[in-house]
Amino acid sequence: MSTDRRRPFPFDQFEPRWQRVWDERQTFHTPNPGEPGFDATRPKFYVLDMFPYPSGAGLHVGHPEGYTATDIIGRYKKMRGFNVLHPMGWDAFGLPAEQYAIKTGQHPRATTEANVANFKSQLQRIGFGYDWQREVNTTDPAYFKWTQWIFVQLYNSHFDTEKNCARPVSELIEKRKAEFLNESEDKRRAFVDSHRLAYVSDAPVNWCPELGTVLANEEVIDGKSEVGGHPVERRPMRQWMLRITAYAQRLIDELDGLDWPESIKIHQRNWIGRSEGAEVKFKIADCPPGMDETITVFTTRPDTLYGATYMVLAPEHVLVEELVTEEQATAVEEYREKATRKSDLERAELTKDKTGVFTGAFAINPVSGERIPIWIADYVLTGYGTGAIMAVPAHDERDWEFARKFALPIREVVSPEPRLALGGGGVCDAEPLECFHGEGYAIHSGPLDGLPTAAAKAEIIRRLEAEGLGKKTINFKLRDWLFSRQRYWGEPFPVVWENGKHRALDESELPVVPPALTDFKPTGTPEPPLSKAKDWVRYQPVHHERGDDVSKAFPLPSLSEIEGVEPCHSTATRELNTMPQWAGSCWYYLRYMDNKNADRFVGAEAERYWTTGTTSHQSPVTSHKVPHGGVDLYVGGTEHAVLHLLYARFWHKVLFDLGHVSTPEPFQRLVNQGLILGEDGQKMSKSRGNVVNPDDVIKEYGADALRLYEMFMGPLEATKPWSMSGVEGVFRFLARVWRLVMEENQAGEWQRSAAVQDVPDWEQSNKPLAKVVHATIKKVGEDIEDLSFNTAIAQMMVCTNALTAENPRPRTAMQLLLQILNPFAPHLTEELWSVVNPNAGLLADLAWPAYDPELLIEDEIELPVQVNGKLREKIVVKKDAAQSDIEAIALACPRVLEHTTGKTVRKIVVVPGRLVNIVAS
RNA sequence: GCCGAGGUGGCGAAAUUGGCAGACGCGCCAGACUUAGGAUCUGGUUCCGAAAGGAGUAGGGGUUCAAGUCCCCUCCUCGGCACCA
C-alpha cells in the first residue's frame with residue numbers, strides 16, 4: 001500500500017486546524033449564570049458522558065461511540081439555541097493505576113497524569129466540542145476535598161424513618177437526650193454511631209488476599225474479584241459502610257419519573273430486591289433457662305406455615321452455639337468451620353448439592369404446635385432476612401431438595417386447584433410427588449383451608465400479629481455499601497481515631513491528602529498501605545482557609561518533606577483505609593457545573609441552573625412522579641446499570657435531603673450505547689488481537705470519518721461489529737461531499753468547484769432538488785432528537801447523491817447540507833463552509849436551518865394497488881383525489897383486471913395516501 | 001433456572017408503528033472515462049424462475065382486507081443475575 005497516495009480530501013491538514021480554531025475561540029465554552037457572556041434567555045441542556053478511567057492502553061473505538069453521540073447532540077442543541085453543558089473529566093483513582101505503579105515502580109500520580117494527557121489528546125483529535133474549562137479529575141485535591149466533604153455529610157447524618165429522609169445527627173442527639181435523660185455519654189454515642197449514614201461495622205467482608213483489599217459484594221463475581229479474577233474469602237474486618245439500605249424504597253419508587261431504558265430500571269429494582277412477607281417467631285422446644293427462647297424467620301409465604309416441617313439457620317447464626325446439643329456439637333462445629341472457610345466460589349460451585357447438619361435442637365411450629373428439628377445449612381444466608389428460615393419442602397425448591405436428601409417430612413399445604421372448602425381440611429395423608437411453588441389454595445392448614453394464597457397470607461399475618469407471634473415485613477436484597485478499601489490510590493477518609501473512637505474532620509481540614517509514599521504495595525495483611533506512612537498516620541491538625549487553592553497540595557514523593565515533619569504530640573491517628581473508586585464518580589456531574597468553586601462542592605446558583613433550568617430560587621422538586629430535572633441526557637454503557645448509577649442516585653438523594661442540591665434524582669434521561677465488537681464479531685480484547693485504535697482510523701481516514709462511521713454502524717444502543725470497509729464507505733461519502741464543493745485544478749490543487757453557483761430562487765425553479773434538501777433538513781433534525789444517527793446519515797447520503805447529479809449546484813443548497821452535516825462531520829463542513837461562504841463566521845456558531853414544509857407537499861402521489869393483499873400495480877393520483885375516483889382508477893388498471901376478472905370484487909380498502917387493496921374472490 | 005435484549009439479503013442495517021419488505025452503506029456484477037485503476041461516474045443486485053409468476057422477515061399456529069410489526073406456542077443467539085426464603 002502506498003503511503004504517499006493522494007488523499008481524496010486533505011483531512012489531515014484541515015482537521016487539526018479547525019480543532020485549533022475551536023480551542024482558540026473557546027467555541028464550546030459555556031459560561032455559568034453570572035459570568036460574562038451568559039445568556040439567561042436561552043434554555044439549558046446538560047448532556048453528559050460517563051467519564052473514562054484513563055488506562056494506560058488509551059482509547060479504543062468503543063469510547064468514542066457514546067462520546068460522538070453526545071457531541072452531535074451537544075452541537076445540535078447549541079445550534080438550536082440552548083446553553084449546552086457538555087463536559088469531560090477523569091475517573092482517575094483506582095486499582096489498575098496502583099497495580100501498574102507497583103509493577104513499574106512509578107508513582108500512580110505520575111502514570112495517571114501521563115494517561116490523562118494521552119486520553120485528552122486522543123479525544124481532542126476526534127474534534128469533540130467539550131468545554132475543557134470544566135474538566136475535572138477525581139485525583140485532584142481540589143476535587144477530592146469535596147468527595148471527602150460529602151463523606152462528612154454522610155457521617156453527620158442519619159436516616160429519619162418518619163420523615164423518610166436524611167437529617168443531621170444533631171437532631172437525633174437532641175431527640176435522644178430528651179428521651180433518655182440519664183443516658184451516659186458513651187451509650188448515647190454508641191446509639192448515634194449506629195445510626196449514621198456512614199458507620200463502622202465488623203461484619204464479615206470479601207477479602208481478596210491477592211489484591212490486598214476488601215471488595216464490595218458487587219465487585220465479587222462467582223467468588224472471584226471482578227478485577228483480575230482472584231479468589232476472595234470472607235473474613236470479619238472493621239470497615240466503613242454506607243447505609244444505602246435506608247434508601248432502598250426510595251431508590252425503587254423514584255425510578256418511576258425517570259426517562260431510562262426499562263431494562264435498566266428492572267435491573268435496579270431486581271438488585272434492590274424488595275420482597276414482602278412476614279417475620280414469624282418460633283419457640284425453641286425444651287428451652288434451656290436464661291436464653292432467648294425464640295427464633296425469628298423471614299418468609300414471603302407465611303400462608304405455608306402449616307407446612308413448615310423443619311427450620312434452618314445460617315451456619316453463622318448467633319443462636320447456633322446456644323442451641324446445639326452435646327451429641328451434635330462436634331458435627332455442627334465442623335460444619336460451621338468448613339462453611340466459614342469456604343469461599344463464595346466454592347459455595348457457588350456446590351449449588352446443586354445441599355449440605356447441612358442437624359443441631360439436635362427442636363422448635364415449635366407456632367400454628368400446628370408440632371416439634372420440628374432445627375438444622376444449619378449454608379444454603380441459608382446470614383445476610384438476608386433474619387438468617388433463619390422455616391423450611392416448607394412441599395412448596396420451596398431448595399427446601400424440597402434438602403428434605404429429600406436428609407429424609408425430612410414433606411407436607412403439602414397448597415394446592416394448585418381449590419380442593420377443599422373453606423374451613424374443611426384434615427391432616428396430610430401422603431407426601432406430594434413434586435414441589436409446587438406457585439400460588440394456589442391452602443389445604444391441610446386449619447383455618448386457612450380453601451383460601452387462595454393472597455388471602456391466606458393476609459389471614460395468617462392477621463392471626464400472627466394478634467398473638468404477637470409475627471408481623472408483616474418487607475425485606476430487601478440490597479446490602480449496605482462496603483465503602484473502605486486497603487489501597488493507596490484512593491481518597492483518604494476525613495476521619496481520625498482517638499481512644500478507639502472515630503471523629504470526622506472539620507471542613508477547614510479538608511482535603512486530607514495521601515502521604516507521599518514511595519512504597520505503597522499492599523502490606524500482605526489487612527493493614528492498609530497507608531500504615532507505612534508513620535508520620536502521616538499521627539494526626540496533626542491542618543487548617544485551610546476557605547477558598548484556598550488546594551490543587552497543588554499533592555506533591556510527588558520527596559524525602560526531605562517527609563522527614564521534615566514535626567514530631568506530633570497528638571494521640572489521634574488517621575483512618576488508614578481509602579475510599580473505593582465509585583466515590584469520585586458518585587458526584588462528578590455536579591462538579592462540572594462549577595468546577596472551580598473553592599467554597600462549595602458546587603455553587604448553588606450554578607447547580608440550580610444546570611439541573612432545573614432556572615436561575616431564580618424556587619422550592620425544590622418534591623413530587624417523584626414528575627420529571628426530576630438534573631442531567632438532560634446521560635450516555636454510557638450498561639456495565640454501570642446498577643453500581644455507579646445506584647451509588648450516584650443514593651449520594652444525590654442524601655445531598656437533596658440535606659438541602660445541597662435541587663432535585664431528588666441526578667439523571668433525568670439515560671441512554672446505553674451498545675458494545676462495539678471486533679471485526680470477527682467477538683468482544684474486542686488485547687488477547688484476541690481485534691482491538692481497533694481510533695488513532696489509526698484517524699490517521700487513515702480522518703476524525704470525521706471515524707465519527708460518522710461510529711454513528712452509521714447501526715442504532716446507538718445495539719451491539720455491532722466494527723468493519724473497516726464500512727469506514728471506507730462513509731469516508732467515500734465525505735469525499736463526495738468534498739467534491740460537491742471542490743475540484744482539482746491543473747496543478748492538482750483543490751479549489752472551489754465551478755459548478756457551485758448562486759442560483760436565485762432555486763427552490764422554486766428546481767422543485768425536486770428543493771424537496772430532497774428540505775426533506776433532509778426535516779429528517780436529520782428529527783433523527784438527531786431521536787438519537788437515530790444512522791438514518792440521519794443515510795438521508796444526508798441521499799441528499800448528497802441528489803446534489804452530485806446537479807449542475808449548476810445552488811450555493812445555498814450546499815450551505816444547507818453543510819449546516820446539518822456539521823454536528824456529524826464538524827471539520828469537513830467548517831472547511832467547506834469557509835470556502836462557500838467566507839467571512840460568515842464559524843458554522844458551529846450558526847443556528848440550525850429551518851425547512852419549508854410547503855416544499856415537501858406533493859401535488860400527485862403514487863399509490864400501490866393490491867389485489868388480495870398482493871402488490872399488482874402502482875397508480876398516480878392527485879393528492880386530494882376522491883376515494884371513488886381512486887377506486888375507479890385502481891379497478892381499471894390492466895394488471896388489476898388480470899387478477900379480478902372472473903371474480904367478484906367484495907371490498908375495496910382505500911387508505912388515503914397509503915395504498916389501495918381490492919378484495920376479490 | 002430466572003430476568004433482559006435480540007433473530008430481516010452474501011454483510012452492517014431501514015421500514016412514518018398494522019399499509020409497497022430490504023432505504024442508506026459494504027460487497028458483488030455490468031458499463032463509461034481512462035496508459036492504468038484498489039480513483040471517479042452510471043446502472044443492476046432478496047431468493048427460485050428464461051419469462052409469466054411464485055416464495056420470502058428463526059419455525060409453527062392465530063387475529064385482520066392487510067402482519068417484520070399484534071396474540072399464543074417452539075427453537076436459537078447475546079447480555080445480566082444466580083440458593084435472597
Side-chain angles (χ1 to χ4, degrees), chain A residues 1-2 5-6 8 221-222 261-264 266-267 269-271 273-275 277 297-301 304 312 347-348 350-352 354 377-381 383-392 395-399 401-402 437 475-479 638-639 641-642 672 674-675 677 681 683 708-709 712-715 717-730 732-733 735-736 739 779 782 788 790-798 800-801 804-805 862-874 898 906-911 913-920:
Chain A
M1 188 194 294
S2 76
R5 174 161 61 93
R6 192 177 160 74
I221 295 172
D222 286 339
E262 202 50 40
S263 60
I264 299 286
I266 290 169
H267 205 152
R269 286 192 200 102
N270 290 347
W271 189 269
R274 178 194 153 101
S275 52
V297 303
F298 174 72
T299 176
T300 54
R301 291 298 297 271
T304 62
V312 187
R347 283 204 186 185
L350 298 170
T351 295
K352 295 135 262 159
K354 297 269 180 295
D378 64 5
Y379 84 90
V380 173
L381 308 173
Y384 184 77
T386 60
I389 62 157
M390 63 179 212
V392 185
H395 305 291
D396 181 283
E397 292 282 0
R398 298 151 300 186
D399 298 344
E401 269 177 53
F402 193 81
H437 57 258
N475 238 300
F476 295 94
K477 274 202 285 194
L478 186 69
R479 315 288 164 86
T638 43
E639 65 272 23
V642 278
N672 293 123
L675 200 64
L677 306 172
K683 216 170 184 160
L708 212 60
Y709 178 65
F712 190 61
M713 293 172 82
E717 282 151 287
T719 303
K720 49 220 175 249
W722 189 264
S723 154
M724 274 305 176
S725 42
V727 180
E728 266 183 75
V730 294
R732 282 205 285 262
F733 161 65
R736 280 162 74 89
R739 288 194 309 271
K779 181 160 174 61
E782 288 168 354
S788 293
N790 53 334
T791 52
I793 295 166
Q795 181 62 36
M796 288 188 282
M797 288 173 167
V798 170
T800 300
N801 292 344
T804 305
E862 192 186 60
L863 278 187
V865 180
Q866 300 178 336
V867 178
N868 292 333
K870 289 203 165 75
L871 180 70
R872 296 299 174 189
E873 187 63 280
K874 289 182 179 179
E898 263 175 54
R906 306 260 173 219
K907 190 175 178 184
I908 304 178
V909 183
V910 178
V911 185
R914 300 290 330 161
L915 57 42
V916 181
N917 189 13
I918 298 163
V919 186

Quiz prompt | Integer angstrom distance from the P of B:A67 to that of B:G60 | solution = 15 Å
Self-check item: Nearest heavy-atom neighbours spanning A:Asn790 and A:Gly714
Solution: ND2-C, 3.6 Å
Quiz item: When you measure from the side chain of A:Tyr384, which nucleotide among B:A85, B:C41, B:G12 comes out closest?
Solution: B:A85
Quiz item: Heavy atoms under 4.0 Å, any strand shown: does A:Ile266 hit a base, just sugar-phosphate, or nothing?
Solution: sugar-phosphate
Practice problem: Classify the nucleic acid contact of A:Ser275 as base, sugar-phosphate or nothing, counting any heavy atom under 4.0 Å across all strands shown. | Solution: sugar-phosphate
Practice problem: Kindly indicate whether the side chain of A:Arg301, heavy atoms from C-beta on, has any atom under 4.5 Å from the side chain of A:Val392. | Solution: no
Quiz prompt | Listed nucleotide nearest any side-chain atom of A:Asn790, set B:A13, B:G80, B:G25 | solution = B:A13
Exercise. Hunt down the Watson-Crick or G-U wobble partner of B:A15, both distances under 3.5 Å, from any strand shown, or write none.
Key: none
Quiz item: Just by modelled atom types, is the A:Pro715 backbone N or O under 3.5 Å from a matching donor or acceptor in the A:Lys720 side chain?
Solution: yes
Practice problem: From the options B:C24, B:G19, B:C41, select the nucleotide whose nearest atom is closest to the side chain of A:Val798. | Solution: B:C24
Quiz item: Looking at the side chain of A:Ala794, which of B:G4, B:A13, B:A23 is the nearest nucleotide?
Solution: B:A23
Exercise. Can you measure from CG (A:Leu381) to NZ (A:Lys477) and round to the nearest 0.5 angstrom?
Key: 10.5 Å
Self-check item: Distance (rounded to the nearest 0.5 Å) between A:Asp399 CG and A:Lys354 NZ
Solution: 9.0 Å
Exercise. Name the nucleic acid region contacted by A:Lys720, choosing base, sugar-phosphate or nothing; use a 4.0 angstrom heavy-atom cut-off, strictly under.
Key: sugar-phosphate
Quiz prompt | Interatomic distance at C1', B:A85 relative to B:C2, whole Å | solution = 16 Å
Quiz item: Taking syn as any angle within 90 degrees of 0 and anti as the rest, which one fits B:G9?
Solution: syn
Quiz item: Which nucleotide in the list B:C24, B:A85, B:A13 gets nearest to the side chain of A:Met797?
Solution: B:C24
Quiz item: Reckon A:Val909 touches a base, only the sugar-phosphate, or nothing at all at heavy-atom distances under 4.0 Å?
Solution: base
Exercise. Any strand is fair game: report the nucleotide pairing with B:A52 by Watson-Crick or G-U wobble, both distances under 3.5 Å, or none.
Key: none
Quiz item: Using purine N1 to pyrimidine N3 plus N6-O4 or O6-N4 for Watson-Crick, or N1-O2 and O6-N3 for G-U wobble, each under 3.5 Å, what pairs with B:C83?
Solution: none
Quiz item: How long is the line joining CG of A:Asn270 and C1' of B:A82, in whole Å?
Solution: 12 Å
Practice problem: Kindly assign one of parallel, tilted or perpendicular to the pair A:Tyr709 and A:Trp722, based on the angle between their ring planes and the thresholds 30° and 60°. | Solution: perpendicular
Quiz item: Tell me, do A:Tyr384 and A:Ile389 make a side-chain contact under 4.5 Å, heavy atoms counted?
Solution: no
Quiz item: Of all the choices, B:C81, B:G12, B:C20, which nucleotide is nearest to the side chain of A:Trp271 once you look at every atom?
Solution: B:C81
Quiz item: Across all strands shown, which nucleotide pairs with B:G4 by Watson-Crick or G-U wobble geometry, both distances under 3.5 Å?
Solution: B:C78
Exercise. Evaluate the side-chain proximity of A:Met390 to A:Thr304: yes if any heavy-atom separation is below 4.5 Å, no if none is.
Key: yes
Quiz item: Between A:Arg872 and A:Arg739, who's closer to the 5' end of RNA chain B by nearest nucleotide?
Solution: A:Arg739
Quiz item: Within the structure, does a side-chain N or O atom of A:Arg914 lie under 4.0 Å from either OP1 or OP2 of B:G18?
Solution: no
Quiz prompt | Separation of atom NZ in A:Lys683 from atom P in B:U77, rounded to whole Å | solution = 17 Å
Quiz prompt | A:Thr300 or A:His267, whichever maps to the more 5' nucleotide of RNA chain B | solution = A:His267
Self-check item: Chi-based syn or anti call at B:U64, which uses purine or pyrimidine torsion atoms and a 90° bound
Solution: anti
Quiz item: For the pair made of CD in A:Glu862 and P in B:G19, what is the distance, rounded to whole Å?
Solution: 18 Å
Self-check item: Interatomic distance at C1', B:C11 relative to B:U46, whole Å
Solution: 13 Å
Quiz item: Of all the choices, B:C24, B:C3, B:A85, which nucleotide is nearest to the side chain of A:Asp396 once you look at every atom?
Solution: B:A85
Quiz prompt | Mate of B:A67 where both pairing distances stay under 3.5 Å, Watson-Crick or G-U | solution = none
Quiz item: B:G9 and B:A30: how far apart are their P atoms, nearest whole angstrom?
Solution: 25 Å
Quiz prompt | A:Arg732 side chain near B:G27 phosphate (N/O to OP1/OP2, under 4.0 Å) | solution = yes
Quiz item: If you look at every strand shown and take non-hydrogen atoms under 4.0 Å, does A:Asn801 touch a base, only sugar-phosphate, or nothing?
Solution: sugar-phosphate
Exercise. Output the single nucleotide from B:C26, B:G25, B:A85 whose closest atom is nearest the side chain of A:Phe712.
Key: B:G25
Quiz prompt | Among B:G25, B:A55, B:G80, the nucleotide that comes nearest once only the side chain of A:Lys870 is considered | solution = B:A55
Self-check item: Integer angstrom distance from the C1' of B:A55 to that of B:G1
Solution: 40 Å
Exercise. If B:U42 has a Watson-Crick or G-U wobble mate with both distances under 3.5 Å, name it; if not, just say none.
Key: B:A30
Quiz prompt | Gap in Å between the two C1' atoms, one belonging to B:U34 and one to B:C41, rounded | solution = 12 Å
Practice problem: Check every strand shown and say whether A:Ser723 touches a base, only sugar-phosphate, or nothing at a heavy-atom separation below 4.0 Å. | Solution: nothing
Practice problem: Figure out the CD/P separation between A:Glu639 and B:C81, and round it to whole Å. | Solution: 12 Å
Quiz item: Which value, in whole Å, describes the distance between the C1' atoms of nucleotides B:U16 and B:U63?
Solution: 24 Å
Self-check item: Spacing of A:Lys779 atom NZ relative to B:A15 atom P, expressed in whole Å
Solution: 7 Å
Quiz item: Which of these nucleotides, B:G12, B:G80, B:A21, is closest to any side-chain atom of A:Leu871?
Solution: B:A21
Self-check item: N/O (side chain, A:Arg736) to phosphate O (OP1/OP2, B:A39) under 4.0 Å
Solution: no
Quiz item: Can you tell me how far P of B:A23 sits from CD of A:Gln795, to the nearest Å?
Solution: 14 Å
Exercise. Please determine if a side-chain N or O atom of A:Asn917 lies less than 4.0 Å away from the OP1 or OP2 oxygen of B:C20.
Key: no
Quiz item: Taking CE from A:Met724 and C1' from B:G12, how many angstroms apart are they, rounded to a whole number?
Solution: 15 Å
Quiz prompt | Between B:U40 (C1') and A:Glu728 (CD): distance, integer Å | solution = 15 Å
Quiz prompt | Within-4.5 Å side-chain heavy-atom neighbours: A:Val865 and A:Arg872 | solution = no
Quiz prompt | Spacing of the C1' atoms in B:A21 and B:U69 (rounded, Å) | solution = 11 Å
